[in-house]
Amino acid sequence: MTEHEIGIAELDHQHRQIKELLMQLKSSTDKGYGHAVGVILNEVEAHTRIHFAVEESLMRLLNYPGLEEHSAEHKKLSQHLQEFRRR
């Protein structure tokens, strides 16, 4: 397993999708592709919103002991995306 794999196929797939989008975002910003950056950032935001909701729902169902801390990390990452968009 890689760093972001947790052994749940759907969540692992979502992690890979988000990672790929983030790599595309970095590449586009490095090359100065302004329009592509906006399009990819929209995709990243949509995928992370869905992923965070699915993951947190599953954690609630399983009474995951670190749910509050993990949810706080999700919120922080979402804020970073919003801050990136503003810049």
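Counting begins at 1 with the first residue of the sequence.
For K26 and D30, the salt-bridge test passes: some basic side-chain N is under 4.0 Å from an acidic carboxylate O.
Atoms CD and CG, on E55 and L67 in that order, are 9.5 Å from each other to the nearest 0.5 Å. The CZ atom of R60 lies 6.0 Å from the OG atom of S71; values are rounded to the nearest 0.5 Å. Taking CD of Q79 as the start and CD of E83 as the end, the distance is 9.0 Å to the nearest 0.5 Å. How far CD of E43 is from CD of Q17: 9.5 Å, rounded to the nearest 0.5 Å. To the nearest 0.5 Å, atoms CD (E56) and CD (E68) are separated by 11.0 Å.
Across H47, H51, E5, a single residue satisfies side chain to side chain contact (heavy atoms under 4.5 Å, CB included) together with H15, and that is H51.
Note on V54: it does not cluster hydrophobically with L61, by side-chain heavy-atom contacts below 4.5 Å among ILVMFWY residues. When the side chains of ILVMFWY residues are joined at heavy-atom separations under 4.5 Å, either directly or via intervening members, I6 and Y64 end up in two distinct hydrophobic clusters. Linking ILVMFWY side-chain heavy atoms closer than 4.5 Å, directly or via other members, places I50 and L11 in a single hydrophobic cluster.
A donor atom on one side chain and an acceptor atom on the other are found under 3.5 Å apart for E20 and Q24.
Other members of the hydrophobic cluster containing L77, listed by chain and number, are F52; membership follows side-chain contacts under 4.5 Å among ILVMFWY residues, whether direct or relayed. With a 4.5 Å cut-off between side-chain heavy atoms of Ile, Leu, Val, Met, Phe, Trp and Tyr, the cluster of F84 takes in I18, L21, L22, L25, V37, I40, L41, V44, L81.
The ring-ring contact (aromatic ring centres under 6.0 Å, His included) test applied to H70 returns H74, not counting sequence neighbours.
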